[in-house]
2 protein chains.
Amino acid sequence: MSHTLGIRQAQKQKTRQALLDAALALLEEQSLSSLGLREVTRAVGVAPTAFYRHFRSTADLGVALVEEALGSLHPMIRTTVSATGDPEERVARAIDLIARHVDGYPAHVRFIARERHGGVQPVREAIREQLARFAQEVEVELAEDPVSRGWGEGDLLMLAHLYVDQMLSTASLFLEVLEGPEEERADRTRHVTQLATRQMRLIGLGRQHWLD
Amino acid sequence: MSHTLGIRQAQKQKTRQALLDAALALLEEQSLSSLGLREVTRAVGVAPTAFYRHFRSTADLGVALVEEALGSLHPMIRTTVSATGDPEERVARAIDLIARHVDGYPAHVRFIARERHGGVQPVREAIREQLARFAQEVEVELAEDPVSRGWGEGDLLMLAHLYVDQMLSTASLFLEVLEGPEEERADRTRHVTQLATRQMRLIGLGRQHWLD
DNA sequence: ACATGCAGTTAACAACCGTTCTCTGGAATT
DNA sequence: AATTCCAGAGAACGGTTGTTAACTGCATGT
């Protein structure tokens, strides 16, 4: 099934990826709506016109970045909220997974947090779609938990959205820690972990007593 | 105490406010990091160099916009979460207040949601500070509720932050409705109201059972 | 009445932007 | 071996940007 790409196409994908990487790096200090096409090509070391061989515009590149940042995250989501182990352990596992992800892909996390409400409409739309998919997958996982026995139609989805928002908020907090001075990192990581743990725990309690 | 401003200073504040208004309008379709100084002055009808009489840079203007958008919100916060009436009524009142605020100041809400994680560091910092103040005020209000009897030190603040995040998230959803087509507005407003109500209710339940 | 202060104007600068058109060299196809 | 295809290069375009300097006119304080 996997056909070896020709030298031609392989080289093209390589510069395409270089453009995406350079853009992501440049977006650490600005928003997508101010990212220039020449700025990106300059960072890669190619002519400005080469950009058009891969993307119609920087907004188009932004949509591609959304796929890269969120598309590969779906398999992880299910295990994050999977219903194995006691509640307390599940919370700890989920937060640990978030922290690891932020550590591994800080630029991706920043990009999503920044452009979710950013100034480029197609990118906002793409993020909205992906997050809605996440919520649906979380919903499926939540439905399998005995605690959700007898829940109404919209109730599961509203809890799923609450969880997704909470994950993003927590990821953003971990990112802020990562951006701060290194000597405060350990303390602040503990602090954020504690805060997120309590919030998750409280939401879990509300979940348990939903049908009262 | 209120000293009548001279013609001089009054006119200055007038153009300053015009710059802020124009910037806010321009920021509906882009992020602050791509907002040009000339763009703003052109919209007001004033020379580009006049900008410097009021702001050092567009980032500086952004910080001023944060004050305008959030500074006047503090008195409202307390009444929003004040502990009067039964829980169900309080939730409805809070969400109604949020909806009204989004309706009255949509551009302010969009600006805060967009620039909270935006590409301009001083503005992010200013928003972070204001939101932290909000959380503190919410904490004070929560402490007066009998339900919070016996809560630990950090617990109240973590709940306060959860509420603040929830308010912002809800406001953002109402804003999306406002940006959509008019014929869907009524339905989608009901939908968002219902979603936010359930989430608030669930958090309230978690709050009631926190000390188990 | 006169001198000062200062919000806003005018003009000019070098630097940057997105986009178009033309060209080239080497991989892909025949 | 000859031909086609196409990722990337090069040059040029009209237009925009932030910033500087020197100015004007009017409200202000003496």
Side-chain angles (χ1 to χ4, degrees), chain A residues 2-65 118-123, chain B residues 2-65 118-123:
Chain A
S2 78
H3 178 252
T4 324
L5 259 43
I7 300 178
R8 195 85 199 244
Q9 305 233 358
Q11 187 48 242
K12 179 170 184 181
Q13 295 230 8
K14 207 170 176 178
T15 53
R16 186 190 133 101
Q17 190 58 47
L19 289 169
L20 287 169
D21 293 346
L24 201 59
L26 289 165
L27 285 172
E28 292 187 13
E29 295 169 341
Q30 61 182 314
S31 308
L32 182 63
S33 81
S34 66
L35 183 69
L37 156 174
R38 299 182 95 109
E39 200 178 348
V40 179
T41 57
R42 192 187 312 128
V44 174
V46 298
T49 48
F51 186 92
Y52 292 107
R53 299 286 178 192
H54 304 276
F55 307 103
R56 206 180 300 274
S57 63
T58 52
D60 193 22
L61 177 144
V63 173
L65 274 179
V120 182
Q121 201 253 350
V123 172
Chain B
S2 78
H3 179 253
T4 325
L5 260 42
I7 301 177
R8 196 83 201 247
Q9 304 234 359
Q11 187 49 241
K12 177 169 184 180
Q13 295 227 8
K14 208 170 175 180
T15 56
R16 185 190 135 102
Q17 191 57 47
L19 289 169
L20 288 169
D21 293 347
L24 201 58
L26 289 165
L27 284 174
E28 291 186 13
E29 294 169 340
Q30 60 182 314
S31 308
L32 182 63
S33 81
S34 65
L35 182 69
L37 153 176
R38 298 182 94 107
E39 200 177 350
V40 179
T41 57
R42 191 185 313 129
V44 173
V46 81
T49 48
F51 186 91
Y52 292 107
R53 299 285 178 195
H54 304 275
F55 308 103
R56 206 179 301 274
S57 63
T58 53
D60 193 22
L61 177 145
V63 173
L65 275 179
V120 182
Q121 203 253 351
V123 173

Separation of D:dT19 atom C1' from B:Arg56 atom CZ, nearest Å, is 14 Å
Below 4.0 angstrom, which residues in residues 17-38 of chain A have at least one non-hydrogen atom near DNA chain C?
A:Gly36, A:Leu37, A:Arg38
Whole angstrom is fine here: how far is it from CD in A:Gln9 over to P in D:dC5?
15 Å
Would you compute the distance between atom CZ of A:Arg38 and atom CZ of A:Phe51 and round it to the nearest 0.5 angstrom?
12.5 Å
Locate the shortest heavy-atom distance separating B:Val40 from B:Ala22; write the atom from each residue and the value.
O-CB, 4.2 Å
In Å, rounded to the nearest 0.5 Å, how long is the span from CG of B:Leu32 to CG of B:Leu24?
10.5 Å
Pick out which of B:Ser34, B:Ser31, B:Ser33 makes a side-chain hydrogen bond (donor to acceptor under 3.5 Å, both in side chains) with A:Ser34.
B:Ser33
Can you measure A:Arg42 atom CZ to D:dA9 atom P for me and round it to whole angstrom units?
14 Å
Quick note, side-chain hydrogen bond (donor to acceptor under 3.5 Å, both in side chains) partners involving residues 5-15 of chain A, not counting sequence neighbours, are A:Thr15-A:His54
Can you tell if the side chain of B:Leu65 reaches within under 4.5 Å of the side chain of B:Leu27, non-hydrogen atoms only?
yes
Base, sugar-phosphate, or nothing: which does B:Ser57 touch, judged by heavy atoms less than 4.0 Å apart?
nothing
Distance from A:Leu61 atom CG to A:Phe55 atom CZ, nearest 0.5 Å?
4.5 Å
Enumerate the residues from residues 47-55 of chain B whose closest heavy atom to DNA chain C is under 4.0 Å, giving them by residue number; use none for an empty result.
B:Ala47, B:Thr49, B:Ala50, B:Arg53, B:His54
Identify, with sequence neighbours excluded, every residue that meets side-chain hydrogen bond (donor to acceptor under 3.5 Å, both in side chains) alongside A:Glu39.
A:Gln30
Rounded at 0.5 Å granularity, tell me how far CZ in B:Arg42 sits from CG in B:Leu26.
9.0 Å
Test of understanding: with salt bridge (charged side-chain N to carboxylate O under 4.0 Å, His left out), list the residues that count as partners of A:Glu28, not counting sequence neighbours.
A:Arg110
How long is the line joining CD of A:Gln11 and P of D:dG8, in whole Å?
6 Å
A:Tyr52 vs A:Leu37, side chain to side chain contact (heavy atoms under 4.5 Å, CB included): CA-CA, chis, key distance, verdict
CA-CA 9 Å; A:Tyr52 292 107; A:Leu37 156 174; 3.4 Å; yes
Distance in angstrom units between A:Arg16 CZ and D:dA7 P, rounded
13 Å
Chain A vs DNA chain C, heavy-atom contacts under 4.0 Å, first-to-last nucleotide span, 5' to 3', is C:dC17 to C:dA28
In whole angstrom, give the distance that lies between atom CG of B:Leu61 and atom P of D:dG18.
12 Å
